[in-house]
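Beneath this line is the structure, given in structure tokens, with notes to follow.
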Amino acid sequence: MGRKPTRTVNRQFSPDPVPLREVRRARAEMAFDNQSLLVPLFGQFDANLVQVENRLGVFISARGDRVLIEGPEDSVARARDTLQSMYDRLAQGQELDAGAIEAMIAMSNEPTLDGIVTGENGGPPIMIRTRRKTIVPRSATQATYMRALARDDIVFALGPAGTGKTYLAVAQAVAQLITGSVQRLILSRPAVEAGEKLGFLPGDMKDKVDPYLRPLYDALYDCMPPEQVERRLASGEIEIAPIAFMRGRTLADSFIILDEAQNTTREQMKMFLTRFGQNSRMVVCGDPRQVDIPGGDRMSGLADAVEKLEGVDGFGTIRFTAADVVRHPIVGRIVEAYEGKAE
């Protein structure tokens, strides 16, 4: 593996500080059977081990196929679980990058980590297979959400940006379209400006609404080859449209996703939900704290629908928090800072 770079353990990300005299020190040793996985497990110049060290405040030394972890007792346990999850991911043929490692570090603080990795009651792993990648949960809430996507007729996904609400919904929709479980994929958003006036946009109707729908296109292209996306868009198998285009339709044999649903009015939300047809699935994603509805009526159609329908048979409601943010760690801290100042 070569000589390791000098490590500086970044204590600012370690668990809540405890007076030094009360810290219980611990050591844990791990051994990995498949030596061909050690290079991607440790990373170039042991970068993956350094990432775990800096996030958890431990020291990791690797010799051959064995790893020794030293540090505070709780942190050593989390580091051990994280390294095992990293190894298991590689053993399943999945890629390992800094984002995946960050997610596994976050999940190591969850008591249900083993269940997330292996599935419930010893069942198959929780994952979504698309043409371009296999997607696994990066937080405990994502695992619950992925189960709901496969089980419930209509799912409300609530929470801040960066938690995977829309991305996982699009991935599940693409998986079902590929397998033939549904015949169409319909992605919709309210065309509402986020706190600023953009003026009149040039072009035809598609040119005018595409900027509002760009995040949905991005998720699609991440799950399917571009040529397949274009072909299915042209054939109508995939439709991306503002919510206003949904009026008067009944959407059967479809997977329907409404993104940024907090910016719908109560009337729009009722109209959208009643488009539900035979053999369909519907996912409604939004952040109730980020309402950009113009005018004086600030009652979000999303909040109103959840209040009325939560607990009704066939509906699932998943609530994400800042702890579920799977982007750069600083994004989670930004969300926490702003949520702490919210009324």
Side-chain angles (χ1 to χ4, degrees), residues 81-82 85-86 88-89 92-97 99-182 185-187 215-216 218-220 222-224 254-259 261 279-287 306 310 314-327 332:
D81 288 349
T82 299
S85 297
M86 292 163 58
D88 292 343
R89 182 184 179 95
Q92 293 168 8
Q94 300 169 25
E95 294 182 358
L96 188 65
D97 56 23
I101 295 171
E102 185 62 39
M104 282 182 269
I105 291 170
M107 290 171 67
S108 71
N109 204 29
E110 296 286 342
T112 56
L113 178 61
D114 289 339
I116 292 169
V117 172
T118 62
E120 291 183 305
N121 300 321
I126 301 166
M127 61 178 62
I128 299 172
R129 296 186 184 276
T130 69
R131 285 278 191 257
R132 300 194 69 175
K133 58 175 61 178
T134 297
I135 299 161
V136 296
R138 290 191 167 192
S139 73
T141 310
Q142 279 196 359
T144 302
Y145 182 39
M146 290 168 71
R147 293 188 191 103
L149 289 174
R151 179 189 66 228
D152 297 325
D153 294 326
I154 299 178
V155 178
F156 291 108
L158 316 176
T163 52
K165 304 184 302 296
T166 303
Y167 185 86
L168 291 175
V170 172
Q172 179 70 21
V174 167
Q176 292 198 210
L177 183 64
I178 291 170
T179 60
S181 300
V182 296
L185 168 52
I186 299 173
L187 310 174
L216 299 176
D218 291 343
L220 269 179
D222 205 39
C223 294
M224 297 180 73
S254 303
F255 199 114
I256 312 143
I257 300 172
L258 175 60
D259 193 28
N279 191 39
S280 288
R281 289 289 176 86
M282 184 177 283
V283 183
V284 180
C285 305
D287 182 357
V306 171
E310 187 169 15
F315 287 81
T317 303
I318 307 297
R319 288 180 169 85
F320 292 89
T321 68
D324 299 304
V325 172
V326 293
R327 296 178 183 170

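We use all heavy atoms of the structure for the numbers below, so side chains are in, but hydrogens, waters and symmetry mates are not.
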Could you tell me whether the side chain of V170 reaches within less than 4.5 Å of the side chain of L220, counting heavy atoms only?
yes
Taking the side chain as C-beta and beyond, is there a heavy-atom pair between L168 and L149 under 4.5 Å?
yes
Between A322 and P160, the two heavy atoms sitting closest are N-CG, 4.1 Å
For R151, does the CZ atom sit with more than 12 other heavy atoms under 6.0 Å from it, leaving out its own atoms?
yes
Less than 4.5 Å apart, any side-chain heavy atom of R281 and any of I256?
no
Provide the closest heavy-atom pair for A161 versus D287 in the form atom of the first, atom of the second, distance.
N-OD2, 4.5 Å
Measure across V284 and A261 and return the closest heavy-atom pair with its distance rounded to 0.1 Å.
CG1-CB, 3.3 Å
Separation of T82 OG1 from M104 CE (nearest 0.5 Å):
8.0 Å
Set of residues satisfying ring pair (Phe, Tyr, Trp, His ring centres under 6.0 Å) with respect to Y145, sequence neighbours excluded
F320
For K165 against L158, the heavy-atom pair lying closest together:
CD-C, 3.9 Å
Grab the two heavy atoms, one from I135 and one from C223, that are nearest each other, plus how far apart they are.
CD1-SG, 4.3 Å
Rounded to the nearest 0.5 angstrom, the SG-CD1 distance for C285 and I318 is 11.0 Å
Rounded to the nearest 0.5 Å, what separation is found between the CD1 atom of I128 and the CD atom of Q172?
4.5 Å
Starting at CZ of R147, measure out to CD of Q142 and round the result to the nearest 0.5 Å.
12.0 Å
Side chain to side chain contact (heavy atoms under 4.5 Å, CB included) with T166: of V283, L216, D218, only one passes, and it is L216
Do you know which two heavy atoms are closest between I257 and A173, and how far apart they sit?
CD1-CB, 4.0 Å
In Å, rounded to the nearest 0.5 Å, how long is the span from CG of L187 to CG of D259?
9.0 Å
Any non-hydrogen side-chain atom of T141 less than 4.5 Å from a side-chain atom of T321?
no
Would you indicate whether the side-chain heavy atoms of V182 and S254 approach each other to under 4.5 Å?
no
Quick one: does M224's side chain get under 4.5 Å of L185's, heavy atoms only?
no
Check side-chain contact (heavy atoms from CB on, under 4.5 Å) between D222 and all other residues, then give those that pass, not counting sequence neighbours.
K133, Y167
Using 0.5 Å steps for rounding, measure from the CG atom of L96 to the CZ atom of R89.
6.5 Å
Side-chain heavy atoms of F156 within contact of E310, under 4.5 Å
no
Residue list, side chain to side chain donor-acceptor pair (under 3.5 Å) with N279, at least two apart or on another chain
D253
